[in-house]
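Report on the following structure.
All chains are named by letter (A, B, ...) in the order of the sequence lines, taking the proteins before the strands, and each is independently numbered beginning at 1.
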2 protein chains.
Amino acid sequence: MADKQKQPGETRAADVLHRMRLDIINCELQPGEKLRFEALRARYTVSFSTLREALSRLAAESLVVAEGQRGFMVAPVSIEDLNDLTDTRVLIENEMLRRSMRYGDDDWEANILASFHRMDKMQKRLGREYYLSEEWAAVHSAFHASLVSECRSPTLIELRDKLFERAQRYRRMSSQFRKKWRKKDVEHKMIVDAALARDEDLALRLIERHIRETSENVIAHAQHLFPQETPHAFSANPQAAE
Amino acid sequence: MADKQKQPGETRAADVLHRMRLDIINCELQPGEKLRFEALRARYTVSFSTLREALSRLAAESLVVAEGQRGFMVAPVSIEDLNDLTDTRVLIENEMLRRSMRYGDDDWEANILASFHRMDKMQKRLGREYYLSEEWAAVHSAFHASLVSECRSPTLIELRDKLFERAQRYRRMSSQFRKKWRKKDVEHKMIVDAALARDEDLALRLIERHIRETSENVIAHAQHLFPQETPHAFSANPQAAE
DNA sequence: GATTCAATAATTTTCGAAAAAATCAGATTT
DNA sequence: AAATCTGATTTTTTCGAAAATTATTGAATC
């Protein structure tokens, strides 16, 4: 919460950008929240201009929205946005996984196994509430990144990373109101096996299922929790995933 | 060249961002060029911080690159980048066109016809060197946007627009060293016909061909013009488009 | 009560001076 | 000659005060 962060060769603006991005995807800055400069200045201890720079970049990443000259706000969440985001992620991640399975070598395989192992161990160590941990979010992210890392497309990798981050907020929401499922580790393991076995059809089917599951979980509960008068967005119209 | 631009309800930073983006995609700020603050400040008549805000956003769009605390430069061009960009555009535009052909209504069709007509007329009016005109770039862009506008995905639309802009620089290069081809208007017409006829297979094949053609044209000549000692990038390794 | 208008307050946006960092030039050493 | 250091110079980065814009309040009018 306090600011002990410096950086070796990095710019202060980059640091604030990074911290703010984290705060948004962890919902410490809530969806739809108005971002006032004085408050942010106190929170991150930087100047107006530096803040503005970070905000502006986050706007380019669709994590905040800027309106005219009346400031910025955290990008709202909505079922439409979630559906749109999910479909787009499936499109891109499918292609990346397909290519990675074609091009991936021994190192690729080793990396997947390593990051899966790290994630699995951490999950077991953290127990019941692993998904609240920032640490776990990081290794989970690293695991999924490793699967598609050999697609040989810097552009796709960059796009995917941004979409993955945008989805993080919904992932967090999903984990809040789920009842049973602990089966995620099993899902992950099945994806690893299919990928290493180069079973394209199976792997793609599994990853798509995996991505859509979180989405469906959120929508199911969102409909129940936010009928339509929610503070920001969530304005229904499920528009069944095709 | 001078600055008569103001804006009604827009921010100054947004205006500079817009102008700079144009200058980059039109190669008035050349690929790989170092962007020094004093020079830019004079060119756009704004302050350091405002500049920085624009630069930072352009970095998020991959039109400039920021390195540590040694400033910014225009994103370099390279054959690898072009190939990567092209493949990504094909993936995304295919999906968008497919969906638009499914969802598109009479308005969609009308819009396509209208923007095609505008482009066609302007091309004929401008004659031989139409492709140098900023105006034409705008109507050409609008035409392609209209084709995929009914995909019902704000996310895809945003991604596509950014990729399209990144590609604009290569398009400009392509038009510089081409010999014959005036057939582009025919290509465009065929795409329109296939789209309105809802012939998915044909339309997707045509749009992919259309996108890849520019790319191949650049690569063919780039190899000839920039053996390997080019000022910035273009470091070969064609890696045949899959 | 609802609407308009003006004055005031709150907030955002812009600016260029000042601080921090990188680069350059020349002298010194290995 | 190549490598290293030192101080001067250039360039980038940060800062908060000042300007511009939007929001609010309250009185005056319809």
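- For B:Arg171 and B:Phe164, the positive end sits near the middle of the six-membered ring, less than 6.0 Å away and at most 45° from its axis.
- Atom P of nucleotide D:dT22 and atom CZ of A:Phe37 are separated by 14 Å, given to the nearest angstrom.
- Atom CZ of A:Arg41 is separated from atom P of C:dA10 by 17 Å (rounded to the nearest Å).
- In this pair, A:His144 and A:His140 present their aromatic rings perpendicular. The plane angle is above 60°, beyond the 30 to 60° band.
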Would you give a per-nucleotide map of nucleotides 17-24 of chain C, 5' to 3', where B means the base has a protein non-hydrogen atom under 4.0 Å away, S means only the sugar-phosphate does, and - means neither?
B---SSS-
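- Heavy atoms of A:Leu35 sit under 4.0 angstrom from primed sugar atoms or phosphate atoms, though from no base atom.
- Side-chain nitrogen and oxygen atoms of A:Arg52 include none within less than 4.0 Å of the OP1 or OP2 phosphate oxygen of C:dT12.
- Between B:Glu10 atom CD and C:dT13 atom C1' there is a gap of 12 Å when expressed in whole angstrom units.
- Here the P atom of nucleotide C:dT13 and the CG atom of A:Leu40 are 12 Å apart, to the nearest Å.
- We find that CD of A:Glu38 is positioned 14 Å from P of C:dT13, with the value rounded to whole Å.
- Regarding contacts with the backbone of D:dC15, a side-chain N or O of A:Ser47 is found under 4.0 angstrom from either OP1 or OP2.
- Taking atom CE of residue A:Met73 and atom C1' of nucleotide C:dT11, one finds them 17 Å apart after rounding to whole Å.
- Salt bridge status for B:Arg152 with A:Asp84: absent, with no side-chain N to carboxylate O gap under 4.0 Å.
- Of the residues near DNA chain D, B:Arg36 and B:Ser49, the one whose nearest nucleotide (by heavy atom distance) lies more toward the 5' end is B:Arg36.
- Side-chain atoms of B:Thr50 and base atoms of C:dC15 include no donor and acceptor less than 3.5 Å apart.
- Listed nucleotides D:dG16, C:dT11, D:dT13 differ in distance to A:Lys34; the shortest reach to its side chain belongs to C:dT11.
- When all heavy atoms are compared, the tightest approach of B:Val64 to B:Leu55 is CG2-O, 3.5 Å.
- C:dG16 atom C1' lies 12 Å from atom CG of B:Leu51, rounded to whole Å.
- Formation of a donor-acceptor pair under 3.5 Å by the A:Ser149 side chain with backbone atoms of A:Ser146 is found in this model.
- Annotation: cation-pi pair A:Arg41/A:Phe48 present, NZ/CZ under 6.0 Å from the ring centroid and within 45° of its normal.
- Summarising the geometry, the separation between CD on B:Glu53 and C1' on D:dT13 is reported as 15 Å, rounded to the nearest angstrom.
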Working for salt bridge (charged side-chain N to carboxylate O under 4.0 Å, His left out), residues B:Lys162 and B:Glu165
CA-CA 5 Å; B:Lys162 282 186 186 147; B:Glu165 267 171 359; over 6 Å; no
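- For C:dT12, neither phosphate oxygen OP1 nor OP2 lies less than 4.0 angstrom from any side-chain nitrogen or oxygen of B:Arg12.
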